[in-house]
Participant: 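Supplied in C-alpha cells, the structure appears directly below.
As the structure is a computational prediction, the values presented were derived from the model and not from experiment.
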Amino acid sequence: MSIAILKTIFHYFSLTANPSLHQIKQTHARLITAGYDGDTHFTGQLLAALAQSQSTPFRYSLSILNSTQNPSLFAINNLIRCCAKSESPHEAFSLYSSMCKKPQFRPNNYTFSFLFQACSKFTGLTEGNQIQTHVIKLGFFDNVYIRNALIHLYFTSHDTKCAKDLFDECPSSRDLVTWNVMIAGYAKAGKINDVEKVFDEMPERDVISWSSLITGYMQNGYLEQALDSFKRMIDLQLSPNEAILVTVLSACAQLGLIENGRQIHSTINSLNCQMTVHIQTSLVDMYAKCGYINKARDLFNEMPIKDLSSWNVMICGLAIHGLAMEAIELFEKLLIKGLNPDNVTFIGVLNACSRAGLVNKGRHYFKLMTEKYKITPEMEHYGCMVDLLSRAGLVLDAIELVEKMSTPPDPVLWVTILGACRTHGLIQLGEETGKKLIQLDPNHHGNYIQLSKIYAKSYKWEDVVKTRGMTNDRNCKKIPGWSLIEAHGKIHQFVAGDRKHDMSLEIYKMVDRVNIRVLEAGYSPDLLPILHDLEEEEKVNAIKEHSERLAIAFGLLVIEGGECIRIVKNLRICGDCHEMTKVVSKVFEREIVVRDGSRFHHFKGGECSCQDYW
DNA sequence: ATAGGGTTAG
C-alpha cells in the first residue's frame, strides 16, 4: 500500500459528509500493515475522518491517539471533537485536563470550540467556566466561534442572564450564528417575547433563523404563530428545509388542521423540496391525526424507505382511529421485517388494544415488550395498561399493576381508575381512590370533579357540594377546554359559554334548534354529573354550552351539506356530548368527526366509531 | 488540515 493511495483515501474521507466507520477501520488496518501505525500525520488524518463520521466511538478514537508518541494538536482537537459527538462528551474535559498537565501543550481556537461543544452536551457549566478562564488567558475570548459556543453553553445550562451578558458585551464579535443561538436559547427558556425581539432586530436572517423562530413558537405552545411564521416565510419566497417542514406539519397534526396541512403538502410538491423519510413520516402523521387515516395509509404504503418512526406513526395513527386489529397486524409485519420495536411502538400497540378492549392481547404485548425486548415500561405504557384493564372492568387488576410499579405512579393513573370505578358502579372503591388521589395531587381541579361525580352517583349531595367547594379553597389549576373547527381556511376556536365569536347570536340560536331536534329524537341529557343545587334549567344550559356543542352548531351553520364536520377538542369529550352528537349525526344527516384528547370519534347515522367504548 | 446554530412519532 503506497503513501499516494493512502493519501487519496483520506482525501476522499475529507470530502465525504459521513464516511462509514467500516471504511475508516479498513483504512486503519491498511495503515498498520503498511507500517504506518503510530505515524503522526496519519493519526491526525484518521481522527479527522472519525470526527466527520456519524458514529464516533470514543474508546476507538482514544486508542488511535494513544498509538502515537507525539500526537499533533490537530489529532488532539479531532479527538475532542469525536468525544463531543460521542455518547460520553464529559470525557472531553478529562482529556483536556490531562493534556494540560503536559508543559508543551498549547491549545488553540479549535480546541476550545470543540470543548465548549462537548460541555453543552453534558451541561457541564462548571467545566465550561474553568475552560473559559483559559480562553481569556490565552486571548481567544473574541473568537466568534468560541463566543457562540459559550453562549450556547450558558443557555443549555439555563443561565439565560450570562448568555445575554455575553451577547450584549461585545456587539462587534457577533455574526448570524450568534443571533440564531440567541433565538433558540430564548425559545428553550420559554421567553417567547425575547425570541420575537431578537428575530426582529437581527440584521439578516437565514433558513435556520426562521427554523429557530418556528420551533420556538412550537416549543412554547404557540402553534398558530408557528404556522403564521411559516406562511410569512413562504410569502418571502424563502425555501423551507426539512426541519421547518417537519415542525409545521407537526403543528397541523396537533391542531388537526387538515386544510393547512394539505397546503403545506402541496407547497412541498410545488417548491421541489427534497422529499425525505422524515417529511413523509410527518405527512403520514399529519393525515392520520387530522382524521384522514386512508390517506395516511396510502402515503405510508408508497414510502420507498421507512424508518422505525414511520412505522410508529402509522401504528399509533391506526390506534387513535380505533383500528386495533390493523394496528396489531402492522406491528406483526414490522416484526417479520426484522425491525426492532421501541418504546413508542409499544405505546401504539398497547393503545390499540386498550381502545378496542383487547385485554388478553394487551397483556401479551406488555409481556413481550418487557421480557423479549427488554424495554422498561414507562409511565405511558402503564397508562395504556391501566386504561385497558380498568375500562374492561378489571379495576382490581389495574390497582394491582399500579401498586407493583417500581417508580411512583403518575396521579393520572389513579384518575383512570377512579373514572372506571364510576362507570362500573364501584362506589366504595371509587371514594377511597378519589380521596387518595386528592391527597396525591391536591392542585388538580379535575380530581375533585371526578370524586364529586362518584358521590353524585350514590346521591351523597352534601359530599358533592363539599368536594366541589374544596376546589375554590385550594386554588386549583383547571385546564380550560376548547374545541376548534376549520372552515374555509380559517380556524374558529370555542371555549364553554363562549360569546366572542362574530356569529355568536346565530350560533346560540342554532344550539337551541339542535337541542329541540335532539330532544324530539329521544335524547335525554344525563344531569347527574352536574351540581344538584342548580335549577333544572341551568343544568341543561351548563351542558349545552360545552365548547364542542358551540363548534358543532357553528359547523352546521357554515359547513356545506354533504361535507363532514370536523372538530378538534383538547380534552376528552364528555359522555353526554358524545350521546348528543350521535343523535345530531342522525337527525341532521351529517357526518361529524371529533378528535378529542384521546382518540377519534366518527359519528354517522346515530352511531359512533368508538362503539361507546372510550 | 480541524469549528458553530434549528427538527419529528407517545
Participant: Do Tyr60(A) and His28(A) have ring centroids that are under 6.0 Å from one another?
Facilitator: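 They qualify: ring centres under 6.0 Å apart.
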Participant: As a test of reading the structure: which of dA9(B), dG4(B), dT2(B) is closest to the side chain of Val344(A), going by heavy atoms?
Facilitator: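 Shortest atom-to-atom distance from the side chain points to dA9(B).
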Participant: Touch check for Thr215(A), heavy atoms < 4.0 angstrom, all strands: base, sugar-phosphate only, or nothing?
Facilitator: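 Here Thr215(A) touches the backbone only, sparing every base.
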Participant: Residues of residues 41-48 of chain A with any non-hydrogen atom less than 4.0 angstrom from an atom of DNA chain B: list those, numerically ordered, please.
Facilitator: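 Going residue by residue through residues 41-48 of chain A, the ones with a heavy atom under 4.0 Å of DNA chain B turn out to be Gln45(A).
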Participant: Given Asp165(A) and Lys161(A), is the salt bridge (Lys or Arg N to Asp or Glu O under 4.0 Å) satisfied, shown in steps?
Facilitator: CA-CA 6 Å; Asp165(A) 288 346; Lys161(A) 190 177 176 306; 2.8 Å; yes
Participant: Atom OH of Tyr217(A) to atom C1' of dT8(B): distance rounded to whole Å?
Facilitator: 21 Å
Participant: Just the rounded figure in Å: distance from C1' of dG10(B) to CG of Leu308(A).
Facilitator: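 Rounding to the nearest Å, CG of Leu308(A) and C1' of dG10(B) are 13 Å apart.
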Participant: So, is Lys289(A) near the phosphate of dG10(B), with a side-chain N or O under 4.0 Å from OP1 or OP2?
Facilitator: yes
Participant: Asn351(A) and Asp387(A): side-chain donor and acceptor closer than 3.5 Å?
Facilitator: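 Not at all, the side chains of Asn351(A) and Asp387(A) share no donor-acceptor pair under 3.5 Å.
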Participant: When all nucleic acid strands are considered with a 4.0 Å heavy-atom cut-off, which category describes Gln52(A): base, sugar-phosphate, or nothing?
Facilitator: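 The answer is nothing, as Gln52(A) stays clear of every strand by at least 4.0 Å.
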Participant: The side chain of Asp342(A) lies closest to which of these nucleotides: dG10(B), dG4(B), dA9(B)?
Facilitator: dA9(B)
Participant: Hey, are Ser266(A) and Asn269(A) close enough side-chain-wise for a donor-acceptor pair under 3.5 Å?
Facilitator: no
Participant: With Glu332(A), which of Leu335(A), Leu330(A), Leu334(A) fulfils side chain to side chain contact (heavy atoms under 4.5 Å, CB included)?
Facilitator: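 Filter result, single survivor: Leu335(A).
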Participant: Of all of residues 159-179 of chain A, which get a heavy atom below 4.0 angstrom from DNA chain B, listed by number?
Facilitator: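 Of all residues in residues 159-179 of chain A, the ones placing a heavy atom under 4.0 Å from DNA chain B are Asp175(A), Leu176(A), Val177(A).
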Participant: Within the modelled atom types, does a donor on one side and an acceptor on the other bring the side chain of His278(A) and the base of dT8(B) under 3.5 Å apart?
Facilitator: yes
Participant: For the residue pair Thr178(A) and Arg147(A), confirm or rule out a side-chain donor-acceptor distance under 3.5 Å.
Facilitator: no
Participant: Ring-on-base stacking between Tyr145(A) and dA3(B), under 5.5 Å between centres and under 30° between planes: is it there?
Facilitator: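 By the stated criterion, Tyr145(A) and dA3(B) stack.
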Participant: Looking for any heavy atom pair under 4.0 Å, which part of the strands does Asn108(A) touch: base, sugar-phosphate only, or nothing?
Facilitator: base
Participant: Are more than 12 heavy atoms, taken from residues, nucleotides or ligands other than Lys306(A), located less than 6.0 Å from that residue's NZ atom?
Facilitator: yes
Participant: Would you kindly give the CD1-to-P distance between Ile244(A) and dT7(B), to the nearest whole Å?
Facilitator: 11 Å
Participant: Partners of Phe93(A) by ring pair (Phe, Tyr, Trp, His ring centres under 6.0 Å), sequence neighbours excluded?
Facilitator: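 Once residues adjacent in sequence are excluded, Phe93(A) has no partner under the ring pair (Phe, Tyr, Trp, His ring centres under 6.0 Å) criterion.
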Participant: Assign Gln280(A) to base, sugar-phosphate, or nothing according to its heavy-atom contacts below 4.0 angstrom with the strands shown.
Facilitator: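 No contact.
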Participant: Quick one: label Ala149(A) by what it contacts on the DNA or RNA (base, sugar-phosphate, nothing), any heavy atom closer than 4.0 Å.
Facilitator: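 No contact at all - Ala149(A) keeps every heavy atom at 4.0 Å or more from the nucleic acid.
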Participant: Can His265(A) and Tyr287(A) be counted as having a side-chain donor-acceptor contact under 3.5 angstrom?
Facilitator: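 Side chains of His265(A) and Tyr287(A): pair found under 3.5 Å.
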